[in-house]
2 protein chains.
Amino acid sequence: MDERQVGSLTFRLDLSQPLYEQILKQMRSAIAKGEIALGEKIPSVREMAHALKVNPNTVSHAYQELERDGLTETRRGQGTFITTSRERVQQFRRELAERLLADFVAQMQSLGYTWDEIERCLHTKKKEATVHGRNGGAL
Amino acid sequence: MDERQVGSLTFRLDLSQPLYEQILKQMRSAIAKGEIALGEKIPSVREMAHALKVNPNTVSHAYQELERDGLTETRRGQGTFITTSRERVQQFRRELAERLLADFVAQMQSLGYTWDEIERCLHTKKKEATVHGRNGGAL
DNA sequence: TGGAGTGTATTATATCACTTAATACACTTG
DNA sequence: CAAGTGTATTAAGTGATATAATACACTCCA
């Protein structure tokens, strides 16, 4: 499965995307889902780099994007911490979901799908997924 | 708007994505939506390159991907033609939509959204879009 | 106070995808 | 035979990505 544990987090890295982007996305998900508590310290750049067998610069790149997102706060000499603002995390989650939804709909419409057809596709897939596994297809 | 006409097609190119990918996607859309008739000849590599102010190699790259998709057939010395198989086009459209849907759902679930929440988001956005413009938000 | 651990910045090197350019070839049509 | 097709090749340049090796300023704690 090529999974790597670091602290309470689990990462899956491959070569299909930039490494820093994969780290970034998986950190965003962990924060959005509350898998890391608000205000909690995340692994240091060097610790993360060592655990993921990746260059510290690459981890640093991802961490700086997280701060640009407003999801983390960095304290010089101390480390990087998840923001304490629950509102900020919720807002980010909403905005990202909104972007994903808009992109998805735009692409479906570029193939000639109508709103009703898109809704029907989603509903069909939901029923397919919830029949097989009880976890809603998440895992 | 930075749009370029070539034959009956309209292209919009920017620098946010590889040029060959943008050409590829917009050709796929045109074929899937039936904006180009089955069996019809598409502009030659050189003509398209000149019209889009792009290198012939870049257009050729996109055209070869189209053939890999099974959406076009190339006849040496004659040109590139849309497949005559309506079934092939429909199948491609379905498969691409299926992929888009699966990716979208996976990303939403990675943010902690449930199936019901995803369905509600889509339905809300549909109502927002159909209130404003009558074209369903496509243009 | 000093050492260890923080994030950050810098410079250098290497690789890869993408793009352009200039040719060349085999094929088909008129 | 000439013009137009797709295709292949070689070369060059650019930018993003990643690694490596240092260095610096900061904070904490023994």
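Values reported hereafter were calculated over all heavy atoms of this structure, with side chains retained and with hydrogens, waters and symmetry mates removed. We name chains A, B, ... by the order of the sequence lines, and we start the count at 1 in each one.
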*asked:* Tell me the interatomic distance from His61(B), atom NE2, to dT9(D), atom P, rounded to whole angstroms.
replied: 15 Å
*OP1 or OP2 of dT19(D) under 4.0 Å from side-chain N/O of Thr58(A)*: yes
*May I ask you to test the Ile36(B)-Met27(B) pair for a side-chain heavy-atom distance under 4.5 Å?*
yes
*Rounded to the nearest angstrom, tell me the gap between atom CD in Gln78(A) and atom P in dC26(D).*
14 Å
*Reckon Tyr20(A) has a side-chain N or O less than 4.0 Å from the OP1 or OP2 of dA18(D)?*
no
*Spacing of Leu52(A) atom CG relative to dT19(D) atom P, expressed in whole Å*: 10 Å
*Residues Ser60(A) and Gln64(A): side-chain donor-acceptor under 3.5 angstrom*: yes
_Nearest-Å distance for atom pair CZ/C1', residues Phe81(A) and dT27(D)_ = 10 Å
*Would you find a donor on one side and an acceptor on the other, under 3.5 Å apart, between the side chain of Ser29(A) and the backbone of Ser110(B)?*
yes
*Does any non-hydrogen side-chain atom of Gln90(A) lie less than 4.5 Å from one of Arg94(A)?*
yes
*First contact, last contact: which nucleotides of DNA chain C are these for chain B, 5' to 3', heavy-atom distance under 4.0 Å?*
dC18(C) to dT29(C)
*How sharply is the helix from dT1(C)-dA30(D) to dG30(C)-dC1(D) bent, taking the axes over five pairs at either end and rounding to 10 degrees?*
10°
*Rounded to the nearest angstrom, tell me the gap between atom CG in Leu13(A) and atom P in dT17(D).*
15 Å
*Have a look at Glu67(A) and say if it touches a base, only the backbone sugar-phosphate, or nothing, with a 4.0 Å heavy-atom cut-off.*
sugar-phosphate
*Would you please say whether a donor-acceptor pair under 3.5 Å links the side chains of Gln91(B) and Glu87(B)?*
no
*Quick one: His50(B) NE2 to dT5(D) C1', roughly how many Å, whole number?*
17 Å
*Do you see a donor-acceptor pair shorter than 3.5 Å between the side chains of Gln26(A) and Gln22(A)?*
no
*With a non-hydrogen cut-off below 4.0 angstrom, is Glu47(B) in contact with a base, only sugar-phosphate, or nothing?*
nothing
*Separation of Arg46(B) atom CZ from dT5(D) atom C1', in whole Å?*
7 Å
*By nearest nucleotide on DNA chain D, pick out whichever of Pro56(A) and Ser60(B) is the more 5' one.*
Ser60(B)
_Non-hydrogen side-chain atoms of Val105(A) and Tyr113(A) separated by less than 4.5 Å_ = no
*Does a side-chain heavy-atom distance below 4.5 Å link Glu65(A) with Arg68(A)?*
yes
*asked:* Any side-chain N or O of Ser44(B) below 4.0 angstrom from OP1/OP2 of dT5(D)?
replied: yes
*Would you kindly compare Gln64(B) and Arg75(A) by the position of their nearest DNA chain D nucleotide and give the one closer to the 5′ end?*
Gln64(B)
*Test item: Thr130(A) side-chain N/O and Lys126(A) main-chain N/O as donor-acceptor pair under 3.5 Å*: yes
